[in-house]
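Nothing fancy with the numbering, it's 1 onward along the sequence. This is a predicted model, so every value here is computed, not measured.
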Amino acid sequence: MGVLDRFERGVENVMQNAFARTFKAGVKPVELAAAIKRECDARAAVVDRGRTVAPNEYAIALSPTDLATVKEWGEDALLHELSDSLRTHAERQRYSFVGGVEVSLGADETLATGRYAVVSRTTRGPVAPATTSNPNSRHPLLDIDGTRYYLTGEATVLGRGSESDIVVDDTGVSRRHVRLEVTSHGTILTDLGSTNGTFVEDQRVSEATLLDGNAITIGRTTMMYWDPVDEGEDY
């Protein structure tokens, strides 16, 4: 059984009893951020030379009372902040992810107010967030306005719709705009019948094999594509 399989089989709840005694009024956002960072550190493992993989999905269970309080804080905003905090922590610790980072909240009626449980797992997706210090070089890299993604799956769809693997917030982008297929002969870009078209180096294309350093434009968004880097090289 591989390391990633052991990650998924080795998920456990982390109950913070001391926290419940200290903050009887309920959970605080800063404590939830610290909890998922501890879980990240506890589950991170070296999978090969210079590469440490951490879980990319985190579920936080709260008491019904605490979950109601979190919804008053603004659940979506809190989850966004928790995810950003986790990505920053992973970059500092030089951790890699094999899929998109997700943090979710749920109610557990067995938990008293002020207690929480953290569960994590590693789920491989078609894209994985990249950090400036991430040494993973075995996958093509896509840079969209400074946010970088490794193309870890065989096919990745970009578009404005939530069903896309990478969501591009641009009204000029179709819901399913373009597909990138990673093959042994290179990465093949295919326009999915988009309204405004797909451009590679300012040339409109329906299909193209990408070259290292190509600029791809969809809507008003331009992204950079980079081939995998050989061992010992860097982006």
Are any side-chain N or O atoms of Asp165 and backbone N or O atoms of Val157, one a donor and one an acceptor, separated by less than 3.5 Å? yes
Between Thr69 and Asp66, does any side-chain donor sit less than 3.5 Å from a side-chain acceptor? no
Please check if the side chain of Arg160 supplies one atom and the backbone of Val173 the other of a donor-acceptor pair under 3.5 Å. yes
Can you confirm whether the side chains of Asn196 and Ser194 place a donor and an acceptor under 3.5 Å from each other? no
Backbone N or O of Arg38 within a donor-acceptor pair of the Asp41 side chain at under 3.5 Å? no
Return yes if some donor-acceptor pair links the side-chain N/O of Thr198 with the main-chain N/O of Arg204 below 3.5 Å, else return no. no
Pairing donors with acceptors under 3.5 angstrom, does anything connect the side chains of Tyr225 and Thr187? yes
If we check side chain to side chain contact (heavy atoms under 4.5 Å, CB included) with His89, which of these qualifies: Arg92, Arg87, Gln93? Gln93
CD/Glu181 to CZ/Arg179 distance, rounded to the nearest 0.5 angstrom? 4.5 Å
What heavy-atom pair brings Thr52 and Ala44 nearest, and what distance separates the two atoms? CG2-CB, 3.9 Å
Under 3.5 Å, is there a donor-acceptor pair between the Asp84 and His80 side chains? yes
Against Leu210, only a single residue in Val182, Leu142, Ile216, Asp227 fulfils side chain to side chain contact (heavy atoms under 4.5 Å, CB included); can you say which? Ile216
Nearest heavy atoms of Asp191 and Gly197, plus distance in Å: OD1-C, 3.7 Å
Glu207 versus Ile188, closest heavy-atom pair with distance: CG-CG2, 3.8 Å
May I ask you to decide if Pro55's main-chain N or O and Tyr58's side chain share a donor-acceptor pair within less than 3.5 Å? yes
Within this structure, what is the CG-NZ distance for the pair Leu105 and Lys71, rounded to the nearest 0.5 Å? 7.5 Å
Side chains of Asp170 and Thr221 only: does a donor on one sit below 3.5 Å from an acceptor on the other? yes
Interatomic distance, CG@Leu158 vs CZ@Arg175, rounded to 0.5 Å, equals 14.0 Å
Apply side chain to side chain donor-acceptor pair (under 3.5 Å) to the pair Arg43 and Thr122, showing each step before the final yes or no. CA-CA 9 Å; Arg43 295 297 172 191; Thr122 296; over 6 Å; no
Separation between CD1 of Ile60 and OH of Tyr116, rounded to the nearest 0.5 Å: 8.5 Å
Of the non-hydrogen atoms in Thr222 and Ala215, which two are nearest, and what is the gap between them? CG2-CB, 4.2 Å
So which heavy atom on Ala61 is nearest to which on Leu111, and how close? O-CD1, 3.4 Å
With a 4.5 Å limit on heavy-atom distance, are the side chains of Glu102 and Asn56 in contact? no
Are Leu32 and Ile36 side-chain neighbours, meaning at least one heavy-atom pair lies under 4.5 Å? no
